[in-house]
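Below is one structure, written out as structure tokens; comments come after it.
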Amino acid sequence: MATSRLVTFVAALVLLACCSVATAADSKANDIKDLIFLADDRPVLVRLHIEIDGMSYTVRSKQFFETLFRFLDGNDDGILDANELAKAPTPQALAYMRTYGAYGLFSMLRSARRLSSNDLDLDPRDGKISLAELRSYYERNGMGAIQIGSLYQQQYRRPTASAEVGLTATLFRHLDLNGDNKLSKAEIEKAEVSLRKFDANDDEIVTIAELLGQTQSFRYYTQVQNASDRLISADSAKILAHYDRDHNKKLDRQEAVFSNNVFVRLDKDRDSLLDEAELRGWLQEKADLEVVVRLGKPFNHLSAFGDSPTASMTVKAQFASTTISLTTSQSTSTRRYDVLRVMPSVFDKQGFVEKKDLADRRYRAILYVFDFVDRNGDGKLTKEERQLIYQLEDAVSNSFVSIAASIQDQSLFSALDSDDDGQLTIRELRQAVKKMAELDANGDGLLAKTEIPIKVQITVAKGQTGGQGMMVMGQFAGTRRRPNNLPQPATRGPLWFRKMDQNGDGEISQREFLGALDDFRRLDADGDGLISLEEAVKSR
């Protein structure tokens, strides 16, 4: 009877996975996660709508704990007794399992520590552990659906001794024509001409490698700082503690630079100070950045809240002192405990093995985990029990979201490089005037280095994030779009457009255009000196 119920349960899991899209609409109300990034001058409210394989991340987390509980409940009575609870992974083992699959569960077999009912039996204290108590215990001990973790610790440095400020200094040195350490509108308008000398291969694109005088194959890395300690869940007390420089448990206008309208709206008692209760009102305001994050199948992508789903991997927002880029990362894949796949032939014939069937040295590892996998303690390791271990692995790898933040100091190159591809095109240089006007915090018409915002990347991943995802912020592949500085042909637009786009930047300059000047001007509908893909398509 227990085996029959187990088969029914496994089948239900498969059906649930197949129906994830259908149930997604019912779970949208639980997909919101509010985060606060503690920027230097003000908190930034980031509101995420997170889906995993089309379902709310909270639903995915709930499914995992249901799967874990069902595995531990060997007699299928809906509660865990002391013997069943002894198989439960510690929070540390569960954290390991989230990265390495069933290895995390089996690792606890080497540990003397076991969970006891005193750890979990809280509501009510009846000596019986329910699903709700099991889930509550893990969430209280840091195993909730959202993990705000550390940045991948490996940090690269570029081969040269110069820091990121060196690249900014290079740009300032060649753009600041009067040497006053500030950039005027007139100087920025000449950026295309001022930086032309760095275009070593004469392709109308300036790369980081060219600015630093490196070889064509050079890849540029900058050291980034882990900023995950400045990324917190929505908590007014932590906001107050971070910005309350005079420690009077209130924020004045200098300590929290909200706009005047927002400050007045929050200041309910009109004392020109914001206490913790008033700051809680700010958490109900419209978010500074609201994004839909879709992780997993069919692919990771993001979109601004309210926009149609796209295949975008980055959403960016500019604030006074901070540029926040929100990206997704591929998660590390969990590994099966493959020893369970190597079974005696009797396993396929009768559907189970007993310890006496595992006398051969090849099956020694199976004996090591036999009692653990034998969830109902009947002395038989069945196909259904092995399958449930695999179901548990799949559930844990899809059950949580990890988020980390990294921070890069002021970079003029990054401010100009609007698409973050490690190179400056003609369009980006011509748009520099508009960009610099946005960065001119004091409105004096001049751009100082201190007005260039820091760049923050928040990375979101299903499961445990891999190192490569966490290093995007610190990596400027100056040749990412064009390996070894060789242009990639355009793949969209009319044939003539693709042939003329010699540098692969997706636009045609007057120099690349092979026709008459009058034809160029006719095609260049907005008169900006470049024929865009949209203009080329409209010309058909």
Side-chain angles (χ1 to χ4, degrees), residues 33-48 50 142 144 146-158 163-165 167-168 220-245 255-257 282-283 287-291 293 302 313-331 400-415 417 420 439 441 449-461 464-476:
K33 176 63 178 178
D34 280 354
L35 299 171
I36 308 295
F37 184 78
L38 302 171
D40 291 339
D41 55 357
R42 54 156 289 194
V44 178
L45 176 57
V46 180
R47 180 162 295 144
L48 305 179
I50 305 175
I146 296 288
Q147 300 288 298
I148 300 178
S150 298
L151 181 72
Y152 184 71
Q153 292 299 310
Q154 186 177 7
Q155 293 182 332
Y156 292 88
R157 298 175 186 269
R158 72 174 72 91
E164 175 61 38
V165 292
L167 182 59
T168 295
Y220 172 92
Y221 295 89
T222 182
Q223 189 173 13
V224 297
Q225 302 173 14
N226 178 21
S228 296
D229 58 341
R230 298 172 66 178
L231 187 67
I232 62 173
S233 295
D235 188 328
S236 57
K238 290 182 179 180
I239 296 173
L240 179 60
H242 185 82
Y243 294 101
D244 183 19
R245 291 189 293 270
E255 290 173 322
V257 190
W282 177 73
L283 298 176
D288 296 299
L289 178 61
E290 188 166 9
V291 177
V293 182
L302 307 109
M313 297 293 286
T314 303
V315 173
K316 184 187 295 186
Q318 175 72 53
F319 304 98
S321 65
T322 307
T323 297
I324 291 184
S325 296
L326 189 71
T327 71
T328 63
S329 171
Q330 295 295 330
S331 60
F400 77 106
V401 176
S402 58
I403 304 176
S406 60
I407 191 170
Q408 174 191 339
D409 291 334
Q410 286 93 342
S411 169
L412 179 57
F413 189 96
S414 295
D417 183 16
D420 293 318
L439 302 179
K449 292 179 184 177
T450 54
E451 292 177 304
I452 302 171
I454 61 172
K455 190 173 183 181
V456 175
Q457 176 172 297
I458 299 174
T459 304
V460 186
Q464 186 66 39
T465 52
Q468 73 280 9
M470 309 312 290
M471 287 308 302
V472 174
M473 187 57 222
Q475 174 180 316
F476 291 88

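Counting only heavy atoms from C-beta outward, the side chains of V456 and F37 approach each other to under 4.5 Å. Contact annotation: the side chain of I239 approaches that of L283 to within less than 4.5 Å [non-hydrogen atoms, C-beta and beyond]. Counting heavy atoms from C-beta outward, T328 and V293 have side chains that approach closer than 4.5 Å. Annotation: side chain of I324 is in contact with side chain of L289 (closest heavy-atom distance under 4.5 Å). Contact check for V460 versus V401: side-chain heavy atoms found under the 4.5 Å cut-off. In this structure, the side chains of W282 and P43 come closer than 4.5 Å at one or more pairs of heavy atoms. A 4.5 Å side-chain heavy-atom check between D41 and E255 finds every atom pair outside the cut-off.
One finds the CD1 atom of I407 at 11.5 Å from the CG atom of L231 (value rounded to the nearest 0.5 Å). The CG atom of L38 sits 4.5 Å away from the NE2 atom of H242 when rounded to the nearest 0.5 Å. The CG atom of D34 sits 5.0 Å away from atom CG of L45, with the distance rounded to the nearest 0.5 Å. Taken to the nearest 0.5 Å, the CD1 atom of I146 stands 6.0 Å off from the NZ atom of K33. One finds the CD1 atom of I403 at 6.0 Å from the CD1 atom of I148 (value rounded to the nearest 0.5 Å). Distance CD1/I36 to CD1/I232: 6.0 Å, rounded to 0.5 Å.
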message = Apply side-chain contact (heavy atoms from CB on, under 4.5 Å) to residues E290 and V315 and explain how you reach the verdict.
response = CA-CA 10 Å; E290 188 166 9; V315 173; over 6 Å; no

request  = Decide side-chain contact (heavy atoms from CB on, under 4.5 Å) for T327 and Q457; before the verdict, give the C-alpha distance in whole Å, the side-chain angles of both, and the deciding distance to 0.1 Å.
outcome  = CA-CA 7 Å; T327 71; Q457 176 172 297; 3.6 Å; yes

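Residues forming a side-chain hydrogen bond (donor to acceptor under 3.5 Å, both in side chains) with D244 (at least two apart in sequence, or on another chain): none. T323 meets the side-chain hydrogen bond (donor to acceptor under 3.5 Å, both in side chains) test with Q318; sequence neighbours excluded. Remark: D235 engages no residue in a side-chain hydrogen bond (donor to acceptor under 3.5 Å, both in side chains) (not counting sequence neighbours).
S406 and K455 share no donor-acceptor pair across their side chains, judged by distance under 3.5 Å alone.
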